Asks: 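Below is the structure I would like to discuss, written out as structure tokens.
Please read these numbers as outputs of a predicted model, since none were measured by experiment.
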Amino acid sequence: MTERRILVVEDERTIAESVAARLRAEGFLVEIARTGPDAVEAFRTGRPELVVLDVMLPGFDGLEVCRRIQADHPVPVLMLTARDDETDLLVGLAVGADDYLTKPFSLRELAARVHALLRRVDRASSAARTGTEILRIGNLEINQAERRVRRQGVEAHLTPTEFDLLTHFANRPRMVLPRERLLADVWGWMDGSGTRTVDSHVKALRRKLGADLIRTVHGVGYALEVQP
């Protein structure tokens, strides 16, 4: 089996080498970049299947790196941030990040997140090959084969994780889904940690597709509420 390529973008040498060592132990082929410009060049020449990306970088920051690589070729991005600030996290999701970890983080959790992201990519590729039908719920249209979404005829650009989360909701319209279940079903996390990840992605979907799209059920979770 061909090794899957991962690009690690981190200017702190100790962190970069630790992350790379753990991912290599997991069976991945890993390249390291330490500046914004080097990261964009490494992505263009190496075509990794996933990017682990620090926000703070020399040259230009990780948000700009994310914008440029997603414009070049969409790829799953796991963003690393030193601040647990919701605004920063939402900005990261807005420019194309799929998931994030706040420093300090465990290498075990990072590896688990990487595997979960790649499993979602594999599932998406499988759905595209089988030509899964288009989901239409009210004024929402989801083309699962092409991974395209329109609401009231207007197309929205979603990250891979946003698309998977929306599709999960759309297959269960108006059903209240607890955050822990969403983490297990969409992200593949079985321990129920990281519910803020769900909250951030729901906010991103609302921003891109309308604030009325997903209803909050306080103390429980969320439900898709699409109007005709």
Side-chain angles (χ1 to χ4, degrees), residues 2-12 15-16 19-20 23-24 26-82 88-101 110-111 113-129 142-150 154-167 186-187 197 200-201 204-205 207-209:
T2 304
E3 290 180 302
R4 306 186 80 162
R5 301 177 65 89
I6 294 179
L7 175 63
V8 174
V9 186
E10 169 62 67
D11 64 321
E12 295 186 43
I15 296 176
V19 169
L23 293 176
R24 287 172 183 140
E26 297 282 332
F28 297 110
L29 185 63
V30 181
E31 182 178 359
I32 296 174
R34 293 191 168 88
T35 71
D38 287 349
V40 173
E41 180 60 26
F43 179 80
R44 288 174 178 167
T45 58
R47 279 293 187 258
E49 294 180 65
L50 183 142
V51 179
V52 178
L53 177 61
D54 188 29
V55 172
M56 301 303 295
L57 295 169
F60 46 76
D61 65 19
L63 299 176
E64 181 62 24
V65 171
C66 194
R67 290 189 191 95
R68 295 191 187 194
I69 65 177
Q70 297 292 19
D72 181 23
H73 178 73
V75 65
V77 173
L78 173 59
M79 190 160 280
L80 308 178
T81 175
D88 289 349
L89 302 180
L90 289 173
V91 170
L93 296 175
V95 298
D98 293 279
D99 201 356
Y100 58 83
L101 276 174
L110 182 140
R113 302 268 186 113
V114 166
H115 283 294
L117 276 172
L118 290 174
R119 281 196 299 271
R120 294 206 293 277
V121 170
D122 292 341
R123 287 199 301 268
S125 297
S126 177
R129 287 194 299 270
I142 303 174
N143 187 321
Q144 296 183 92
E146 297 180 5
R147 294 181 70 81
R148 304 178 77 166
V149 174
R150 292 181 178 86
V154 179
E155 185 167 355
H157 174 72
L158 304 185
T159 69
T161 301
E162 289 166 0
F163 183 91
D164 292 342
L165 179 60
L166 179 64
T167 301
V186 179
W187 278 264
T197 297
S200 296
H201 280 80
L205 286 176
R207 178 175 50 79
K208 293 180 180 182
L209 291 166

Asks: Set out, in order, the CA-CA distance, both residues' side-chain angles and the distance that settles side-chain contact (heavy atoms from CB on, under 4.5 Å) for L110 and L23, then state yes or no.
Replies: CA-CA 9 Å; L110 182 140; L23 293 176; 3.9 Å; yes

Asks: Identify the heavy atoms of G62 and L53 that sit nearest to each other, and give their distance.
Replies: O-CD2, 3.2 Å

Asks: With side-chain contact (heavy atoms from CB on, under 4.5 Å) as the criterion, how do T35 and L57 come out once you've worked through the C-alpha distance, each side chain's angles and the decisive distance to 0.1 Å?
Replies: CA-CA 6 Å; T35 71; L57 295 169; 5.9 Å; no

Asks: Roughly how far, to the nearest 0.5 Å, is the CD1 atom of I6 from the CD atom of E26?
Replies: 9.0 Å

Asks: Given side chains that start at C-beta, do those of D11 and M56 come closer than 4.5 Å, heavy atoms only?
Replies: no

Asks: Indicate yes or no for a side-chain donor-acceptor contact from Q70 to the backbone of V75 under 3.5 Å, with no hydrogens or angles considered.
Replies: yes

Asks: Search all heavy atoms of A20 against all heavy atoms of V30 and return the closest pair with its distance.
Replies: CB-CG1, 3.8 Å

Asks: Contact between D54 and I15 at the side-chain level, heavy atoms closer than 4.5 Å - yes or no?
Replies: no

Asks: If I take atom CG from residue L29 and atom CZ from residue R4, how far apart are they, to the nearest 0.5 angstrom?
Replies: 12.5 Å

Asks: Would you give the length of the straight line joining atom CD of E41 to atom CD1 of I69, rounded to the nearest 0.5 angstrom?
Replies: 13.0 Å

Asks: Using a strict threshold of under 4.0 Å (side-chain N to carboxylate O), is an ion pair present between R47 and D72?
Replies: yes

Asks: Under the criterion side chain to side chain contact (heavy atoms under 4.5 Å, CB included), which of L165, L158, D164 is the partner of H201?
Replies: L165

Asks: Walk me through it: do V65 and V51 pass the test side-chain contact (heavy atoms from CB on, under 4.5 Å)?
Replies: CA-CA 10 Å; V65 171; V51 179; 5.8 Å; no

Asks: Is a side-chain donor or acceptor of D98 paired with a backbone partner of V77 at a separation under 3.5 angstrom?
Replies: yes

Asks: Are the side chain of R5 and the backbone of G46 linked by a donor-acceptor contact shorter than 3.5 Å?
Replies: yes

Asks: Identify the two heavy atoms, one from A204 and one from E162, that lie closest to each other, and give their separation to 0.1 Å.
Replies: CB-OE2, 3.4 Å

Asks: What's the shortest heavy-atom distance between R34 and A16, and which atoms?
Replies: NH2-CB, 4.4 Å

Asks: Between P58 and P37, what is the shortest heavy-atom contact and its length?
Replies: O-CD, 4.0 Å

Asks: Can you tell me how far the CZ atom of R113 sits from the CG atom of D99, to the nearest 0.5 Å?
Replies: 4.5 Å

Asks: Are T167 and Q144 packed together at the side-chain level, in the sense that at least one heavy-atom pair is separated by less than 4.5 angstrom?
Replies: yes

Asks: Looking only at heavy atoms, what is the nearest atom pair of A42 and P48, with distance?
Replies: O-CD, 4.5 Å

Asks: Would you call E49 and F28 a side-chain contact if the rule is heavy atoms closer than 4.5 Å?
Replies: no

Asks: Does any part of the side chain of L50, heavy atoms only, come nearer than 4.5 Å to the side chain of L118, both counted from C-beta?
Replies: yes

Asks: Are L80 and L101 packed together at the side-chain level, in the sense that at least one heavy-atom pair is separated by less than 4.5 angstrom?
Replies: yes

Asks: Apply the test side-chain contact (heavy atoms from CB on, under 4.5 Å) to residues I32 and E10: give CA-CA distance (whole Å), side-chain angles for both, the deciding distance (0.1 Å), then the verdict.
Replies: CA-CA 7 Å; I32 296 174; E10 169 62 67; 6.0 Å; no

Asks: Can a donor-acceptor pair be found, under 3.5 Å and without considering hydrogens, that links the side chain of N143 to the backbone of R148?
Replies: no

Asks: Any cation-pi pair here, R68 with F60, using under 6.0 Å and within 45°?
Replies: yes

